[in-house]
Amino acid sequence: MHVSRPITVGFISLGCAKNLVDSEIIATGLTAAGFRLAPAPKCADVVIVNTCAFVRDAKAESIDAVLEACAWKQRGRCRAVLVAGCLPQRYRREIQSLLPEVDAFIGLDELNQAGMVIRRVLRGEQSVAVIAPRAQAVLEPSGNRLLFTGAPYAYVKIAEGCNHTCAFCAIPQIRGRYRSRPIHRIMAEAEDLLSHGIRELNLIAQDTTSYGLDLGARTNLPTLLRALGRIGGGFWIRVLYGHPAHVTAALIDAMGAVEQVCHYLDLPIQHSEAAILRAMRRPSTAERLRRMFGHIRAALPGVTLRTTCLVGFPSETERQFRNLLAFLGEIRFDHVAVFTYSKEENTPAARLPCPVPTAEAERRKQCLMLRQKRIVDEVAMAQIGRSDDLLVERYDRKRRLWVARSRGQAPDVDGVVYVSAPADGLMPGALIRGRYVAAAGYDLRAVIQ
Ligand code: SF4
């Protein structure tokens, strides 16, 4: 009797955590449909590259990954390459001619059709494309979602799309209008994740602080946080990807009141200069931002603040850049990510005069990162001797140390805490109390208390 072996699928998930959640949902659907996940993309029958198309570098990285996967069709076991997510969504009209070596393209609203697309391709159809003109759906995870984080934390997407019109950003064109997931679905997902050993829920969206604005007056991020807190138990909730324009007193109150919510806010300011912020279509001023961060710090003492800055935006002068540096030195964010401006077609900023040369934008980025590193070192030194709650993630065999994080460290983007303990002395998912004994780079060392 001939028994056919299951088709194996490998993933290359690029870009942000929102894309990672999409990849996890696709993988969960595929395994339910009888496909098997390959241990590594290179040894899979079918490779799915879930792409990012936010800025120039992200697009280049996506295309490199696609071409590498296509090369495995000549030299390896791979029979088909599917390209999913933001890149085919953004370049829907031209993507098939741009990447003729790819077997199929899947848009954002069609991600849950991956199984059907694989079968079409393996039956011999060529250059399949299923991409709706506009992304409008929200991909809902089924129960028991597979996780690619490999650690006791998960990302929970609470909304899709973005209604902001930041002049430099192509995301609203790609991901569509903002649409929140109903609160009961988020709660069900959270309960499922927690029942499977997850100890940290990282809430994500293009803008988490806009959550619920499209659902009526009674649903918003504070109500969601309070509802999640009522699940009860020892776990953390972290709010990532906020927007300074939507930080309300009710949000800060809920963060203070719900024990599980980390006193951590990720609020990209992009710049501090009013003229640049106006040109970016993110109207604010240094004074308004200063006041907002002051309120947050007064209400949540010891809060960790993360931000993102964009340097080299058209017309940014040296003086404006210096003012941004001074502002960052004044606020002293715990974590700062910095990007150089990337001219993106069909965005309002692409039409602006006075571009900043790429080399100059890069110099500003390096300068900002160097300044920020000094702040990071000072903040880390001030931690030594302090005690803190730590979530244990995994054992690092090379270092012979456990890897953990504090409430002030988001996964992937911030540092970690290395904890001295024997290999069999801790468990992933344990919440422990540690005392910081040293700092190194962006990381800290701790001993168990
Ligand atoms: S808030 Fe602005 S930068 Fe962020 S996704 Fe929306 S448009 Fe883009």
Side-chain angles (χ1 to χ4, degrees), residues 14-22 51-59 62 85-87 89-90 108 134-136 138-139 155 157-181 202-214 220-221 239-248 251 265-274 276-285 288-289 292 305-314 316 324 333 335-352 361 365 410 413:
L14 302 166
C16 61
K18 288 153 276 185
N19 241 22
L20 186 77
V21 170
D22 289 347
T51 54
C52 176
F54 180 42
V55 290
R56 191 175 39 231
D57 290 353
K59 286 183 276 189
S62 291
C86 291
L87 194 71
Q89 188 67 49
R90 183 165 182 192
L108 291 164
R134 212 166 290 119
Q136 291 175 315
V138 180
L139 203 57
Y155 295 101
K157 207 195 276 196
I158 61 173
E160 185 56 271
C162 183
N163 285 0
H164 292 286
T165 53
C166 303
F168 52 84
C169 185
I171 295 284
Q173 296 167 37
I174 305 173
R175 294 237 166 209
R177 302 278 299 164
Y178 196 87
R179 47 225 188 257
S180 303
R181 289 176 64 203
N202 291 278
L203 308 189
I204 57 171
Q206 254 69 43
D207 166 10
T208 46
T209 46
S210 285
Y211 176 73
L213 295 180
D214 54 330
N220 50 35
L221 186 56
V239 179
L240 295 171
Y241 306 118
H243 193 295
H246 296 295
V247 175
T248 59
L251 172 61
L265 266 171
D266 169 25
L267 295 169
I269 57 166
Q270 309 303 2
H271 217 283
S272 59
E273 286 292 276
I276 294 288
L277 287 168
R278 221 177 10 255
M280 287 179 171
R281 301 192 183 180
R282 296 175 64 96
S284 190
T285 62
R288 250 194 268 165
L289 292 170
M292 180 190 68
L305 295 176
R306 177 179 179 82
T307 198
T308 306
C309 296
L310 181 59
V311 296
F313 190 77
E316 184 196 52
L324 170 63
F333 292 95
H335 310 287
V336 177
V338 51
F339 293 95
T340 53
Y341 170 71
S342 163
K343 182 175 175 176
E344 293 301 314
E345 67 270 23
N346 301 324
T347 59
R351 297 189 292 274
L352 290 176
K365 175 181 172 178
V413 287

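Throughout, residue positions are numbered sequentially from 1 according to the sequence presented. Whatever order the structure lists ligands and atoms in, that order sets their numbers, starting from 1.
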Min side-chain heavy-atom separation Val336-Arg306 under 4.5 Å:
no

Glu160 and salt bridge (charged side-chain N to carboxylate O under 4.0 Å, His left out): which partner among Arg181, Arg175, Lys18, Arg177?
Arg175

Among residues at least two apart in sequence or on other chains, which ones pass side-chain contact (heavy atoms from CB on, under 4.5 Å) with Pro348?
Ala167, Arg281, Arg351

When you compare the side chain of Val311 with that of Leu324, does any pair of heavy atoms fall below 4.5 Å?
yes

Numbered in order shown, the ligand 1 atoms found under 4.0 Å of a heavy atom of Phe168 are 3 (S)

Mind checking what makes side-chain hydrogen bond (donor to acceptor under 3.5 Å, both in side chains) contact with Ser272, not counting sequence neighbours?
none

Result, protein N, O or S atoms below 2.8 Å from atom 2 (Fe) of ligand 1, excl. waters, equals 1

Pairing residues for Ala58 by the side-chain contact (heavy atoms from CB on, under 4.5 Å) criterion, not counting sequence neighbours:
Cys52, Val55

